[in-house]
Amino acid sequence: NCNSFSDCALFYLLRVRLDSKYRNMEKLGSANSSMFQSMSNGQYEPNAKAEGFSVEDVIAKVDPEKAWSTPGQQTGGETVSSVEDMRRKRLEALERRQQAQAAA
């Protein structure tokens, strides 16, 4: 879902992870798809293209040192909990890259 994409994009661009509270429904849905099908009178259909997708696999490919090896355990990076924090972190990362380029 879009939160999985956001988590991957945030990590790729800023090396921060999306706060896990924004992915609770996704986790519940992936663990209980039959419950959602029942609650929706059979209208819910899992996305077949997303089968086997793992945010942690993407993170591990981007930076193996920052991947969470166990759910809920952070091994590096930071999480952001607001748009303002995300914007601030993004601008800080941009400034660091610009300073590094200027020094090179």
S.K.: Partners of Tyr12 by side-chain contact (heavy atoms from CB on, under 4.5 Å), sequence neighbours excluded?
M.R.: Val62
S.K.: Sequence neighbours left out, what passes side chain to side chain donor-acceptor pair (under 3.5 Å) with Gln43? Give chain and number order.
M.R.: none
S.K.: By side-chain contact (heavy atoms from CB on, under 4.5 Å), which residues pair with Ala93, not counting sequence neighbours?
M.R.: Leu14, Arg96, Arg97
S.K.: Is there a path of hydrophobic side-chain contacts, each under 4.5 Å between heavy atoms, that joins Phe53 and Leu10?
M.R.: yes
S.K.: Enter the distance from Arg17:CZ to Ser6:OG here, rounded to the nearest 0.5 Å.
M.R.: 12.0 Å
S.K.: If we ignore hydrogens and angles and just use 3.5 Å, is the side chain of Asp7 paired with the main-chain N or O of Leu18 as donor and acceptor?
M.R.: yes
S.K.: Are the side chains of Leu94 and Gln98 in contact, using a 4.5 Å heavy-atom criterion?
M.R.: yes
S.K.: If every non-hydrogen atom of Ile59 is compared with every non-hydrogen atom of Cys8, which pair is closest and at what distance?
M.R.: CD1-CA, 4.3 Å
S.K.: Using the test side chain to side chain donor-acceptor pair (under 3.5 Å), find all partners of Glu51 that sit at least two apart in sequence or belong to another chain.
M.R.: none
S.K.: Sequence neighbours excluded, which residues qualify as side-chain contact (heavy atoms from CB on, under 4.5 Å) partners of Arg88?
M.R.: Asp85, Glu92
